[in-house]
Number of protein chains: 2
Amino acid sequence: MVNEAKNNKHYHCPVEATLDVIGGKWKPLILWQLRAEKLRFSGLQQSMQGISPKMLTKQLRELEADGLVLREAYPEIPPRVEYSLTEFGKTVLPVLDALCEWGNGYLGRECVLDKNKDVKTADSISQ
Amino acid sequence: MVNEAKNNKHYHCPVEATLDVIGGKWKPLILWQLRAEKLRFSGLQQSMQGISPKMLTKQLRELEADGLVLREAYPEIPPRVEYSLTEFGKTVLPVLDALCEWGNGYLGRECVLDKNKDVKTADSISQ
DNA sequence: ATACTTAGTAACAAAAAGGATAGTATGAAA
DNA sequence: TTTCATACTATCCTTTTTGTTACTAAGTAT
């Protein structure tokens, strides 16, 4: 979405906006990878086998533009760039969790995503 | 998605499955329209200005195949077909609600979707 | 006989999303 | 001097999604 909602895009409903920001093939994965730790470009690339650098770059740029992800580039050679969730970015984790839980119910199997890391769950934030 | 998860599609994570089932441009809207009432094809078409009959048909067929929506056709002329949420379909409403709420926060404005109808909210189901 | 209604389908087109592969910049290490 | 590492960018291409418009079936009302 790249923050277009705040510029010119108009949504019928906020769900559309949310899906624009966190939807698609890769963004949920990226956000999930970053939920508990900073990761470098190469680290992200490896944790999501199959994504091309072009795609990863594009998704990260959009997430950054939407304020969910922080990009920190260090002036070194070879380059080092670290990605992490912003505070705002962390607010989507419960939403992702809700999506994950429903998906588990739908698929009738366990969540592949590693839940052992310290993350708020739908239950822990729901009251 | 049309239920492919249960056939051959494999997801990295359940979030992907969920987004396949309820994501896209129209499905959230359709599900929302059906949250409290049965609607005919023409009624759905009108409540979502802009959708073409082709798109609406396609989305409804997929939702039906995924078990979220029930289609009831009456043998009359002119034809009458009513669409409603199945019990399983109703289980996505809290998820939609979570997406809606986050979207509102993101957009900083009120939900366009009419919340005055009797629907479970994220709060009411969360404990 | 003709028009009207509803729930679609058919055929075609455009746009968006996603993918594959090669190339760039830069300094340090060998 | 050549190689290596990292974080990309550039091109080109395929697939998926979404849109547009016109058309059909079939009984009822006029």
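Each chain gets a letter, A, B and so on, in the order its sequence line appears, and its residues count up from 1.
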Exercise. Whole-Å distance between C/dA10 C1' and B/M55 CE?
Worked result: 14 Å

For this session: Could you check whether B/S52 gets within reach of a base, just the sugar-phosphate, or nothing at all, counting any heavy atom under 4.0 Å?
Result: base

Exercise. Within the structure, does a side-chain N or O atom of A/R80 lie under 4.0 Å from either OP1 or OP2 of D/dA7?
Worked result: no

Exercise. Can you check the B/I77 CD1 to D/dT24 P distance for me, whole Å?
Worked result: 16 Å

Problem set entry | For atom CG of A/L60 and atom C1' of D/dT9, their distance in whole Å | 15 Å

For this session: Find the distance A/K58:NZ to C/dG18:C1' and express it as a whole number of Å.
Result: 8 Å

Problem set entry | Over all atoms of both residues, closest heavy-atom pair of A/A17 and B/L107 | CB-CD1, 3.6 Å

Seminar exercise, completed: From CG of A/L56 across to P of C/dA20 the rounded distance in Å is 14 Å

For this session: State the CG-CZ distance between B/L56 and B/R61, to the nearest 0.5 angstrom.
Result: 9.5 Å

For this session: Establish, with yes or no, whether the OP1 or OP2 oxygen of D/dA7 is under 4.0 angstrom from a side-chain nitrogen or oxygen of A/R61.
Result: no

Exercise. Considering heavy-atom distances to DNA chain C, does A/K25 or B/P53 have its closest nucleotide positioned more toward the 5' end?
Worked result: B/P53

For this session: For B/Y74, report the nucleic acid contact type (base, sugar-phosphate, nothing); a contact means any heavy atom under 4.0 Å.
Result: nothing

Exercise. Tell me: CH2 of B/W26 to P of D/dT18, nearest whole Å?
Worked result: 9 Å

Problem set entry | Spacing of A/L68 atom CG and A/I22 atom CD1 [to the nearest 0.5 Å] | 8.5 Å

Problem set entry | Interatomic distance, A/E62 CD vs C/dA16 P [rounded to whole Å] | 13 Å

Exercise. To the nearest Å, how far apart are A/E76 CD and C/dA29 C1'?
Worked result: 16 Å

Exercise. Given that A/T57 and A/P79 both sit by DNA chain D, which one's nearest nucleotide is further toward the 5' end?
Worked result: A/P79

For this session: For C/dG8, take OP1 and OP2 only and decide whether either is under 4.0 Å from a side-chain N or O of B/R71.
Result: yes

Exercise. Mapping A/K54 and A/Q45 onto DNA chain D by nearest heavy atom, which one lands closer to the 5' end?
Worked result: A/Q45

Problem set entry | B/Q33 side chain to B/Y83 side chain, donor-acceptor N/O pair below 3.5 angstrom | no

For this session: Assign the ring pair A/F88 / B/W102 to parallel, tilted or perpendicular, where the plane angle (0 to 90°) is split at 30° and 60°.
Result: parallel

